[in-house]
Every structure is written in structure tokens, then in C-alpha cells.
Asks: 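Before anything else, here's the structure in question.
Treat the numbers as computed from the prediction; the structure is a model and nothing was measured. Quick note: residue numbers are just sequence positions, from 1.
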Amino acid sequence: MKQFIFYFFIISNCFANPFSIGNRSYGTSNTTIIAQIDSLFDQLEDDINSKLPDADQSSYLKGMANANLMAAKLVTSEYYNDIEIGQFRYHFSAGADIGENSMKDVLEGNIDPEQLRGASFLRGLTFGVSLETFGSSNTGIFDPKKTDLFLHFNNTDMKIDNLTIKSTSFGFMIRSLIGEGGDLIPFGTLRFNGVYLASGLEYHSMILKLLLDLNVSQNISGLGTATISGDVQAGVDVSTYSIPIEIGTSFQWLYVMTTMMGIGLDFNFGSAESLASSSALLSTDVSGASGTADIDLGSKDVPSPVLFRWFLGQQIQLSVAKFSLNVTHVPWRGHWGINLSGAISY
């Protein structure tokens, strides 16, 4: 379970052999023995790196930052329902930067793992309320009868074996109806729900840490044994802010189905920093052979400052109960977000 979650959320090629044995010393060994010592140390490195996910540090942190942004999309905003009083929504959302892979490749399992760059998730609650609840007078900026406020928050902290996952997010969106809807075919057969304009602020932070306890040995016959013991920590600490501007609409059909669609422009800030440390110690009975255990995941990167995306979703409504699946994507890039939610809206 731990490995599945770690590979899904960090993505199986997010580090490129980050563990290494450096500062190698060979004493007075000759060339042949030095080659054998290097082979011994290289085998140790391979053993430990096989226990860690494997990608390119140059894309890992930026990929994680962009995935973190995508996980927060369509969490605070929605364009399915006309809120007369209020809405309560619980959701699970995930974001990924899949690089040059297509979503079809990912769903079918036909992916190039070297192109996978990052993933993120969040779950939490969103509350929506009509501004008409607070008064019906028109301020000249917002018509309370056509304007809704959404507030979101999430705080997840869990540990599975040696994997720690922490996710915190909050946001608000103000959504205003800018184009009236109406029945296209009567009796609930097909209805246009109007056009909404929305903007606000989304914040999402996530910490993923994997702590591996090490006790790994390698032996070369006739030379000796090298052992690494201690622990290695690998992970990421990412925090992103996004100011989205969205235009969305929806069509209700056959009364119980509603299809949503729209576009968004995001202005993004924040950073992703690697969490990498090692207390592992190398010991060897090979005369004069020594080295130090290190792990390198890069240092820091930032999300893409501006992103344009489309979104699409499907809702099933059973009276006040609503269930939806939403997808958002940045064209010509591998940035995807998916959101599952259940809501009570009235």
C-alpha cells in the first residue's frame, strides 16, 4: 500500500538515481582493485536506488509544483447548479504533470515513465452560499441574486508505514451569472443554465516524505564486503497560490444529467523544494576503501506563472444530492486535474 501511494503521488520516475556514494577513497589500491571497489560501491548504489522511485531532477520540482496547482482546480468553483440558498460539497481531487504522455496512454498503462514529472492530491470541503442570503440590494458591482460565494478548506495528515502525507488547502471564489439561461426543450429535456464568470484565490500545500531504513550489504568474492546502514529521506514540500479567472456554463438534460464546460486563465505563484537527507553510513572491510552516502533531489523550483486550460464535467443530480466527475487540462502540456465530488445543493 505504501509503495502504491508513493508511486502514484510522487510518480514512479520522479528521481533519477538520487542516491550516490561520493568522496570515494581507495587507499593504496592498484588500478584493478580500484575497479573492483567501484563495482562494489556501484552495486550498493543500485540496490538502494531500486528502493526509491526513479526521474529527472531538472523537471521533478517544477512538475510537482504544476501538479499541485492542477489538484486544486474545480475544487472551489463549479458551474452546474444555481444556488438559491447554499451548497455543501465534499471532494477528492488529483493533479498530475504527465509530460509528453497522453491521458489515453496513462489510462491504458502504455506510458513512458521517464516523461512523468509529478503528481498531487487533496480532499476537503467546499461551502457555497448565495449573496442574496446577506441582502438583496444591488451594490452596482454584484447583483446578489446572481452572485455566489464559495469557500474551501482541507487539512489532511496521514502516515502509512514510512510514508508521510500532509495536504493543506483553502480558497474562495466569487461566481456571477453574466448570461441568463433558459429551456431549449421543455419538461426538463434540455436546459441551458447560463454563463458564469468567476475569480478568487486558491492555495494548496503538500508535503510527501518517504523514510527508508537501510541495512544493505554487497560482497565481491576475494575483495570484501561493503555495508550501508542508517536511513534516507526522500520527498517534496510544495506550496502554490493561484488566481484563476474562469468562464463556465452547463446544460441540463433528461432532468437528472448536467454537463459542464468552460475555460480558465490562471496566474500562479509558489515553490517546490526537495526534502532529501541521509544519515546512512558506509562501512567496509576492504583496506583503504571509504566513501560518503548522499542523496540529491535538486533544490527548488516554481510553477508555471501563467496557464490557460479548459475543463469539462458531468453531474448526476437526484433532487438536492449531486455527484460529479470533472476534468481540466492545459492544452499542449501534460498538466491534468481530476475531481470527484458529492454535494448537497439547494
Asks: Flag the pair K146 and E180 as a salt bridge only when some basic side-chain nitrogen lies within less than 4.0 angstrom of an acidic carboxylate oxygen.
Replies: yes
Asks: Between K73 and E202, is there a side-chain N and carboxylate O pair less than 4.0 Å apart?
Replies: yes
Asks: Backbone N or O of I48 within a donor-acceptor pair of the E45 side chain at under 3.5 Å?
Replies: no
Asks: Donor-acceptor pair, distance only, cut-off 3.5 Å: does the side chain of D183 make one with the backbone of I185?
Replies: no
Asks: Does N81 reach the main-chain N or O of I83 with its side chain, forming a donor-acceptor pair under 3.5 Å?
Replies: no
Asks: Do S250 and N193 pair up side chain to side chain, a donor and an acceptor below 3.5 Å, judged on atom types alone?
Replies: yes
Asks: With S39, which of L223, I220, I34 fulfils side chain to side chain contact (heavy atoms under 4.5 Å, CB included)?
Replies: I220
Asks: Within the structure provided, determine whether V306 and N268 are in side-chain contact (heavy-atom separation under 4.5 Å).
Replies: no
Asks: Show the nearest heavy-atom pair for residues L122 and S167, with the distance to one decimal.
Replies: CB-OG, 3.7 Å
Asks: Tell me whether H204 contacts the main-chain N or O of S242 through its side chain, where contact means a donor paired with an acceptor under 3.5 Å.
Replies: no
Asks: Do S217 and T225 pair up side chain to side chain, a donor and an acceptor below 3.5 Å, judged on atom types alone?
Replies: no
Asks: With T258, which of R191, Q317, K322 fulfils side-chain hydrogen bond (donor to acceptor under 3.5 Å, both in side chains)?
Replies: Q317
Asks: Please report the shortest heavy-atom distance between S130 and P144, naming the atom on each side.
Replies: OG-O, 3.6 Å
Asks: Please report whether the ring centroid of F150 lies less than 6.0 Å from that of F127.
Replies: no
Asks: Test D294 against S20 for side chain to side chain donor-acceptor pair (under 3.5 Å), laying out the working first.
Replies: CA-CA 5 Å; D294 301 302; S20 63; 4.8 Å; no
Asks: Write down the atom of R309, the atom of P331, and the distance for their closest heavy-atom approach.
Replies: CA-CD, 4.0 Å
Asks: Do T227 and T284 have side-chain heavy atoms sitting under 4.5 Å apart?
Replies: no
Asks: Between M70 and T328, is there a side-chain heavy-atom distance shorter than 4.5 Å?
Replies: yes
Asks: Other members of the hydrophobic cluster containing L275, with the 4.5 Å side-chain heavy-atom rule, please.
Replies: I207
Asks: When rounded to the nearest 0.5 angstrom, what distance separates CG in N219 from CG in L40?
Replies: 7.5 Å
Asks: Going by the rule side chain to side chain donor-acceptor pair (under 3.5 Å), which residues pair with T240 if we only count those two or more places apart in sequence or in a different chain?
Replies: N68
Asks: Is it the case that one hydrophobic cluster holds both L201 and L149, taking links as side-chain heavy atoms less than 4.5 Å apart, direct or via other members?
Replies: yes
Asks: Is D266 close to L69 at the side-chain level, that is, under 4.5 Å between some pair of heavy atoms?
Replies: no
Asks: Using a 6.0 Å cut-off, check whether atom CZ of F308 has over 12 heavy atoms from anything other than its own residue.
Replies: yes
Asks: According to a hydrophobic-cluster definition based on side-chain heavy atoms being under 4.5 Å apart (Ile, Leu, Val, Met, Phe, Trp, Tyr only), do V195 and L190 belong together?
Replies: yes
Asks: Taking atom types as modelled, is there a side-chain donor on N154 or T156 under 3.5 Å from an acceptor on the other?
Replies: yes
Asks: Is the count of non-hydrogen atoms from other residues, nucleotides or ligands lying under 6.0 Å from L184 atom CG greater than 12?
Replies: yes
Asks: Check for me whether R175 meets the cation-pi criterion with Y196, that is, NZ or CZ under 6.0 Å from the six-membered ring centre and within 45 degrees of the ring axis.
Replies: yes
Asks: Do H329 side-chain atoms and H335 backbone N/O form a donor-acceptor pair below 3.5 Å?
Replies: yes
Asks: Run the side chain to side chain donor-acceptor pair (under 3.5 Å) test against E84 and tell me which residues pass, sequence neighbours left out.
Replies: none
Asks: Which pairs count as ring-ring contact (aromatic ring centres under 6.0 Å, His included) when at least one residue sits in residues 210-253, sequence neighbours excluded?
Replies: F192-F251, Y203-Y241
Asks: Tell me, do K166 and M158 make a side-chain contact under 4.5 Å, heavy atoms counted?
Replies: no
Asks: Okay, side chain of N66, backbone of S304: is any donor-acceptor separation there less than 3.5 Å?
Replies: yes
Asks: Look at the side chain of Y80 and the backbone N and O of Q314, then say whether any donor-acceptor pair between them is shorter than 3.5 Å.
Replies: yes
Asks: Can any side-chain N or O of K209 pair as donor or acceptor with the backbone N or O of G235 at less than 3.5 Å?
Replies: no
Asks: So does R333 pair up with D97, basic N to acidic O under 4.0 Å?
Replies: no
Asks: Checking one residue: I85. Which other hydrophobic residues are in its cluster under the side-chain 4.5 Å linking rule?
Replies: V320, I344, Y346
Asks: So, Q87 versus E78: side-chain donor-acceptor pair below 3.5 Å or not?
Replies: yes
Asks: Taking all non-hydrogen atoms of both residues into account, name the closest pair between V232 and S278 and its distance.
Replies: CG2-OG, 3.9 Å
Asks: Check whether N23 reaches the backbone of G291 with its side chain - one donor and one acceptor, N or O, closer than 3.5 Å.
Replies: no
Asks: Has S199 got a side-chain atom pairing as donor or acceptor with P244's backbone, closer than 3.5 angstrom?
Replies: yes
Asks: Run V302 and F269 through side-chain contact (heavy atoms from CB on, under 4.5 Å) and show every step you take.
Replies: CA-CA 7 Å; V302 297; F269 314 88; over 6 Å; no
Asks: With sequence neighbours left out, what residues match D42 under side chain to side chain donor-acceptor pair (under 3.5 Å)?
Replies: R24
Asks: If we only count heavy atoms from C-beta on, is the F153 to T126 side-chain gap below 4.5 Å?
Replies: no
Asks: Where do S324 and S341 come nearest, in terms of heavy atoms and distance?
Replies: OG-OG, 2.7 Å
Asks: State, yes or no, whether a side-chain contact exists between F311 and E246 at a heavy-atom distance under 4.5 Å.
Replies: yes
Asks: Is there a side-chain contact between S29 and Q36 (heavy atoms, below 4.5 Å)?
Replies: no
Asks: I need the minimum non-hydrogen distance between L214 and A280, along with the two atoms involved.
Replies: CD1-CB, 4.1 Å
